[in-house]
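The block underneath contains the structure these notes are about, expressed in structure tokens.
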Amino acid sequence: MAAQKPSIPKGTRDFTPQEMVRRNYIFDTIRAVFRRYGYLPIETPAMETIETLTGKYGDEGDQLLFKILNSRPHEARDENQKVKMREAFERTLEQNTNTPVLTEKALRYDLTVPFARFVVQHQHEITFPFRRYQIQPVWRADRPQKGRYREFYQCDADVIGSNSLLNEVELVQMIDDAFTTFDVPVTVKINNRKILSGIAEVIGEKERIVTITVAIDKLDKIGIEGVNKELGENGVSASAIEKLQPLIAFTGDYAAKRELLRNMLAGSEVGQKGIEEVDFIFAKVAEAGLQSATVELDITLARGLNYYTGAIFEVKANVGSLSSSICGGGRYDDLTGIFGLKDMSGVGISFGADRIYDVLNELNRYPADVTMSTQLLFINFGDEDGNEAFRTLHKVRRAGIAAEIYPDAAKIQKQFKYADARQIPFVAVIGESERTAGKVMLKNMQSGEQELVALDELINRLT
RNA sequence: GUAGGUAUAGCUCAGUUGGUUAGAGCACCAGAUUGUGGUUCUGGGGGUCGUCGGUUCGAACCCGAUUAUCUACCCCA
């Protein structure tokens with residue numbers, strides 16, 4: 001029988017040690033930022049009950065849920081149950097339905113909805129306003145392509161139970177902190193759902209807000225003509241499209257854009273509110289100053305419209321070939337309402353660790369010490385020399401130096417080759433002469449120099 | 001769901017209008033070098049050319065189907 005060809009599911013990846021140290025650097029950096037801003041860690045299960053997840057991400061999102069088949073279906077004792085399962089299975093083959101008889105769990109699609117569930121379930125243990133961060137994988141049955149995976153990590157920070165726009169300001173600062181550390185210049189695009197509502201209102205197409213925002217969101221890709229065409233095809237009136245033109249065609253700085261909106265949205269209360277909110281965020285961000293990120297008011301930004309009610313954020317790298325967003329977020333006025341806890345406003349952002357990893361890899365922008373692991377390798381000659389090396393290794397580790405011994409008394413070339421391949425910067429040789437002298441031959445692998453030193457001296461040099 | 005591209009050694013890829021025994025680089029193993037790695041030299045192991053079928057005297061190459069994978073659209077981190 002031929003050996004089974006090993007493989008992993010579509011859209012998933014293995015990570016080698018070399019990749020993991022880089023990924024950990026990304027997670028550590030983001031986690032440090034979260035902690036610095038007072039966010040607290042939580043974790044939730046990889047799977048949620050299917051009711052928790054369905055209907056939260058729109059029809060599109062429901063399609064992308066990885067559903068988990070109920071365990072041990074063949075063990076259903078009840079004949080009735082088996083009949084139901086068979087029927088449910090037939091129905092599932094015909095159309096995409098959620099059938100608890102077959103599946104009552106699904107893998108989490110994002111971290112926000114599980115967080116909302118968490119807040120409601122633990123509301124009596126939580127001190128509000130609650131700032132939580134969460135760094136865990138999520139799963140989507142999407143078609144994989146560049147920057148898009150079926151299993152990927154999100155790094156979320158959300159504040160719940162506070163309406164203050166200071167939270168939004170801080171989120172922008174956190175984005176700036178993280179990407180400044182990564183040395184990746186980014187643009188933070190900011191919009192506000194209330195502005196979008198105001199626009200829909202003043203052009204007389206209040207009900208078609210989703211159509212309108214989805215269309216103008218594509219402005220970059222399909223141009224003004226394309227946007228107008230799509231609007232018309234979706235039933236937006238010619239006069240409404242006409243009124244929209246100055247906005248779509250607009251070019252200019254923040255002040256000019258703001259003035260245009262102010263005039264245009266004069267008749268819309270919600271629109272004015274949106275402008276005020278954006279003004280506040282821009283003013284505060286400018287006042288504190290950003291290190292490397294640039295912020296931009298982008299009224300074509302409309303992602304996650306299904307649930308965002310206030311600010312909308314999206315972050316793109318200004319360098320590299322990845323055009324999709326590497327971080328996004330916004331405010332939801334009623335994050336937990338669906339689980340029965342009313343009037344809890346939340347705002348948060350999500351760093352796409354895997355896309356940040358792709359960007360950093362392309363730019364090869366990692367600090368030199370990120371890849372450092374073992375500092376010192378002991379050559380193993382076996383017998384009494386090997387024992388002495390092992391004893392010395394123990395002392396070196398106690399001194400806080402990451403060290404290891406080649407476990408087998410293999411040929412010396414092989415052991416040195418190993419040190420080289422592992423990029424271990426120092427090698428210690430203890431043979432008979434060193435052992436009787438009570439010293440260690442310490443070799444610097446980069447310079448090739450070696451020197452007979454006492455243990456104290458060795459520890460001194462490596463710390 | 002729609003549209004393209006690709007599939008040859010562990011990895012990255014060559015492979016002429018279809019022609020005899022399918023190649024390179026890297027990686028791996030051994031030796032030159034029995035207490036010294038990176039460079040060099042020599043030798044070695046590895047492939048039903050994704051799978052199935054068709055055309056042909058003859059297919060890695062042409063045709064069809066199928067599977068996998070990548071890219072773009074939709075949507076999204």
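Note that the structure is a prediction, hence the values are computed from the model and not measured. A, B, ... follow the sequence lines: proteins, then strands. Residue 1 opens every chain.
At a cut-off of 3.5 angstrom, counting only N and O atoms as typed in the model, there is no donor on one side facing an acceptor on the other between the side-chain of A:K414 and the base of B:G37. Remark: the A:D420 side chain and the B:G38 base include no donor-acceptor N/O pair separated by less than 3.5 Å. The base of B:C76 lies outside donor-acceptor range of the side chain of A:R140, with no N or O pair under 3.5 Å. One donor-acceptor pair, N or O on each side, does fall under 3.5 Å between the base of B:U36 and the side chain of A:Q450. In the interface, the side chain of A:R355 is paired with the base of B:C76 through a donor and an acceptor atom under 3.5 Å apart.
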* Decide yes or no on side-chain hydrogen bond (donor to acceptor under 3.5 Å, both in side chains) for A:T49 and A:E104, but give the supporting numbers first. => CA-CA 6 Å; A:T49 65; A:E104 47 195 20; over 6 Å; no
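With rounding to whole Å, A:I349 atom CD1 is found 13 Å from B:A77 atom P. Put simply, CG on A:L322 is 11 Å from P on B:U71, counting in whole angstrom units. The separation between A:L442 atom CG and B:G35 atom P is 20 Å, rounded to whole Å. A:R143 places its CZ atom 20 Å from the P atom of B:A77, with the value rounded to the nearest Å. Whole-Å rounding puts the A:K443 NZ to B:G38 C1' distance at 9 Å. Rounded to an integer number of Å, the gap from OH of A:Y57 to C1' of B:C74 is 19 Å. Rounded to whole Å, atom C1' of B:G38 lies 16 Å from atom CZ of A:R422. Rounding to whole angstrom units, CG of residue A:D358 and P of B:U71 are separated by 10 Å.
Nearest to the side-chain atoms of A:Q154 among the listed nucleotides B:A77, B:U36, B:C75 stands B:A77. Closest to the A:K218 side chain, of the nucleotides B:G37, B:C75, B:A72, is B:C75. The side chain of A:F381 has B:G35 as its nearest neighbour among B:G37, B:C75, B:G35.
Within the 4.0 angstrom heavy-atom criterion, no nucleotide atom of any strand lies near A:E151. Residue-level contact check: A:K10 touches the backbone only, with heavy atoms under 4.0 Å from sugar-phosphate atoms and none from bases. Among the protein residues, A:G61 comes within range of no part of the nucleic acid, since none of its heavy atoms lies under 4.0 Å from any strand. A:C327 comes within 4.0 angstrom of sugar-phosphate atoms only, judged by non-hydrogen atoms across all strands, and of no base. Here A:E432 lies in heavy-atom contact (under 4.0 Å) with a base. Within 4.0 Å of A:K316, counting heavy atoms only, lies no atom of the nucleic acid at all. Across all strands, A:Y153 comes closer than 4.0 Å to no nucleic acid atom at all (heavy-atom distances).
More than 12 heavy-atom neighbours from other residues, nucleotides or ligands sit within 6.0 angstrom of NZ on A:K257. Shown here is A:I412, whose CD1 atom has more than 12 heavy atoms of other residues, nucleotides or ligands within 6.0 Å. Around the CZ atom of A:F390, the shell of radius 6.0 Å holds no more than 12 heavy atoms that belong to other residues, nucleotides or ligands. Other residues, nucleotides and ligands place no more than 12 heavy atoms under 6.0 Å from the CD atom of A:Q446.
Ring pair A:Y406/A:Y418: centre-to-centre distance below 6.0 Å. Aromatic pair A:Y109/A:F66: ring centres not closer than 6.0 Å.
Applying the 4.0 Å criterion to OP1 and OP2 of B:U36, one finds that A:Q413 has every side-chain N and O outside that range. Taking 4.0 angstrom as the limit, A:K411 places a side-chain polar atom (N or O) nearer than this to OP1 or OP2 of B:G31.
With A:S164 contributing its side chain and A:L166 its backbone, the two residues share a donor-acceptor pair below 3.5 Å.
Nucleotide B:C75 forms a pair with no other nucleotide shown, judged by Watson-Crick or G-U wobble geometry with both contacts under 3.5 Å. Pairing partner, B:G46: none, since no Watson-Crick or wobble contact has both distances short of 3.5 Å. Nucleotide B:G23: paired with B:C13 (Watson-Crick or G-U wobble, both distances less than 3.5 Å). With both pairing distances under 3.5 Å, B:U69 is matched to B:G5 as a Watson-Crick or G-U wobble pair. Look at B:G31: its Watson-Crick or wobble partner, with both distances under 3.5 angstrom, is B:C41.
Comparing the C1' positions of B:G45 and B:G10 gives a spacing of 12 Å, expressed to the nearest Å. Between B:G37 and B:G46, the two C1' atoms lie 26 Å apart (nearest whole Å). With P as the reference atom, B:C13 and B:C74 are 28 Å apart, rounded to whole Å. Rounded to whole Å, the separation between the C1' atoms of B:A77 and B:U2 comes to 24 Å. Using atom P as the reference point in both B:A7 and B:A14, the two lie 8 Å apart (nearest Å). Atom C1' of B:G15 sits at a distance of 9 Å from the matching atom of B:U8, rounded to the whole Å. Comparing B:C11 with B:A72, their P atoms sit 24 Å apart, to the nearest whole Å. Spacing between B:U67 and B:U51 at atom P, rounded to whole Å, works out to 15 Å.
You cannot call A:Y418 stacked on the base of B:G37; the centres under 5.5 Å and planes under 30° rule is not satisfied.
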